[in-house]
Amino acid sequence: MESHAVFELRRYRLRPGGRERLIGLFDSEFVEPQEALGMRIEGEFRDCGDPDAFVWVRSFLNMETRTDALAAFYSGPVWKEHGPHANETMLNSDNVLLLKPVDGTHPFSRNRSREQEARQTKGLVAVNICSLAPGTEDKFAAFFVAEALPILERAGARVDAVLTTERSVNGFPRLPVREGEAVFVWFEMHEDEDSLSRHQERLRKDVRWTSEVFPHMDSQCWRTIEVSRLTPTSRSLCTL
C-alpha cells in the first residue's frame with residue numbers, strides 16, 4: 001500500500017436523526033469516487049457517545065495531491081449531484097484536524113483492503129486528542145513513542161495511528177481546517193467495551209503510567225485530553 005503523508009480527522013455535527021442517512025449516502029456515492037482520485041478513506045465511524053456525530057479519516061500522498069484531489073472531487077459531477085443531500089444532514093463540517101504521521105510510524109498500516117470489505121467490521125476505536133502549546137508537538141511525540149506507547153500496547157491496546165499537526169497551508173480553503181492549533185492524536189483499537197475497560201484497569205495498576213508517564217503527558221496539554229469512543233461502519237477499513 002502506498003504510504004500517505006497527510007491525514008484529515010473529520011468530525012461532523014449532524015442534524016438529529018441524520019447520521020444513518022449520511023452514512024448510507026457516503027458509502028454508496030462518495031467512497032469510490034474519492035479513492036479513484038488518489039485519496040484513501042481510512043475509516044468511517046459512529047461516535048458511541050453522540051448519536052448526531054459522524055467521524056471519518058481520509059489521507060493523501062502529500063499536500064499537493066491533496067489540493068488537486070479535493071478540487072477535482074468537489075467540482076466534479078458526483079459532489080454536484082449528491083453533495084447537497086449530504087449537506088442537508090449536517091449542522092457543521094469544519095471540525096477538521098490536518099495531521100501528519102509521527103516520524104517512524106505508519107498510520108493505519110493494519111487496515112484491511114477494499115477487497116476484504118465483505119468481512120464484518122468490528123472493534124471499538126478510542127481516539128485521543130492532546131491539545132498542546134505550539135512548537136511542542138515533536139517533543140511530545142518523541143516522549144509518547146518512547147515512553148507511553150510501549151505501556152499502552154502491553155496493556156492491550158492496538159495503536160493504529162500516531163499523528164501530529166500538519167502545519168502546511170490548507171491548499172483548498174473551500175474546506176476549512178482548524179488552523180493555528182497544535183495537537184497530538186493517537187488511535188487505539190480494542191475488541192469491545194469490555195476489552196477497553198480491561199485495558200484501562202491495567203493502566204490504573206501500572207505504577208509508572210499513573211505516577212510518571214500519564215502525568216507528564218497531561219501536564220503538557222492545555223486542556224483535558226479528549227477521548228472519543230467510536231465504532232467502525234460497514235465500509236471502514238480501520239477495523240479488527
Is there a donor-acceptor contact under 3.5 Å from the side chain of Arg112 to the main chain of Leu240?
-> no
Polar side chain donor-acceptor pair, Arg66 to Asn170, under 3.5 angstrom | yes
Side-chain H-bond candidate by donor/acceptor type, Asn95 with Arg178, under 3.5 Å | yes
For Ser168, check side-chain contact (heavy atoms from CB on, under 4.5 Å) against everything at least two apart and list the hits.
-> Met63, Glu166
Specify the closest pair of heavy atoms between Ala126 and Asn128, including all atoms of both residues, with the distance to one decimal.
-> O-ND2, 3.3 Å
Apart from Leu61 itself, members of its ILVMFWY cluster (side-chain separation under 4.5 Å) are none
Ignoring hydrogens and geometry, is there a side-chain-to-backbone donor-acceptor pair from Arg202 to Ala155 under 3.5 Å?
-> yes
Is it true that Arg11 and Asp47 make a salt bridge, defined as a side-chain N closer than 4.0 Å to a carboxylate O?
-> no
Under 6.0 Å from the CG atom of Asp138, do we count more than 12 heavy atoms belonging to anything else shown?
-> no
Indicate every side-chain donor-acceptor pair of residues 100-108 with a distance under 3.5 Å to a residue at least two apart or in another chain.
{"residue": "Thr105", "atom": "OG1", "partner": "Val102", "partner atom": "N", "Å": "3.4"}
{"residue": "Thr105", "atom": "OG1", "partner": "Val102", "partner atom": "O", "Å": "2.6"}

Is the shortest distance from a Lys or Arg side-chain nitrogen in Arg198 or Glu201 to a carboxylate oxygen in the other one below 4.0 Å?
-> no
Short N-O contact, Glu193 and Arg229, less than 4.0 angstrom = yes
Where is the tightest heavy-atom contact between Ser236 and Thr121, given as atom of each residue plus distance?
-> O-CG2, 3.8 Å
Would Leu175 and Val96 count as a side chain to side chain contact (heavy atoms under 4.5 Å, CB included) if you check the C-alpha gap in whole Å, the side-chain angles of each, and the deciding distance to 0.1 Å?
-> CA-CA 9 Å; Leu175 291 185; Val96 180; over 6 Å; no
Would you please indicate if the ring centroids of Phe7 and Phe60 are separated by under 6.0 Å?
-> no
Work out which heavy atom in Leu230 is nearest to a heavy atom in Phe45; give both atom names and the distance.
-> CB-CB, 3.6 Å
May I ask you to decide whether Glu44 forms a salt bridge with Arg10, counting only side-chain N to carboxylate O separations under 4.0 Å?
-> no
Arg19 side chain vs Asp50 backbone, donor-acceptor pair below 3.5 Å = yes
Which pairs pass side chain to side chain donor-acceptor pair (under 3.5 Å) with one or both residues in residues 139-158, sequence neighbours excluded?
-> Glu147-Arg208, Arg158-Asp160
Assign the ring pair His199 / His190 to parallel, tilted or perpendicular, where the plane angle (0 to 90°) is split at 30° and 60°.
-> tilted
Please step through side chain to side chain donor-acceptor pair (under 3.5 Å) for the pair Thr65 and Asn62, ending with a clear verdict.
-> CA-CA 6 Å; Thr65 59; Asn62 52 48; 3.1 Å; yes
Note: with side-chain heavy atoms under 4.5 Å as the link, the other cluster members for Leu91 come out as none
Inspect the contact between Glu32 and Arg114 and indicate whether a charged nitrogen and a carboxylate oxygen are less than 4.0 angstrom apart.
-> no
With salt bridge (charged side-chain N to carboxylate O under 4.0 Å, His left out) as the test, would you mind laying out the steps for Arg167 and Glu179 before giving the verdict?
-> CA-CA 8 Å; Arg167 293 206 167 277; Glu179 297 182 282; over 6 Å; no
Parallel, tilted or perpendicular for Trp186 and Phe144, by the 30°/60° rule?
-> tilted
Would you please test Arg15 and Thr89 for side chain to side chain donor-acceptor pair (under 3.5 Å) and show each step?
-> CA-CA 5 Å; Arg15 299 183 186 279; Thr89 69; over 6 Å; no
Go through the steps for Val185 and Leu99 under the test side chain to side chain contact (heavy atoms under 4.5 Å, CB included), then give the verdict.
-> CA-CA 9 Å; Val185 180; Leu99 305 167; 4.2 Å; yes
Contacts under 3.5 angstrom, residues 78-88 side chains, donor-acceptor by atom type, not counting sequence neighbours:
{"residue": "His82", "atom": "NE2", "partner": "Glu29", "partner atom": "OE1", "Å": "3.2"}
{"residue": "Glu88", "atom": "OE1", "partner": "Arg21", "partner atom": "NH2", "Å": "2.7"}

Looking only at heavy atoms, what is the nearest atom pair of Arg223 and Glu226, with distance?
-> NH2-OE1, 4.1 Å
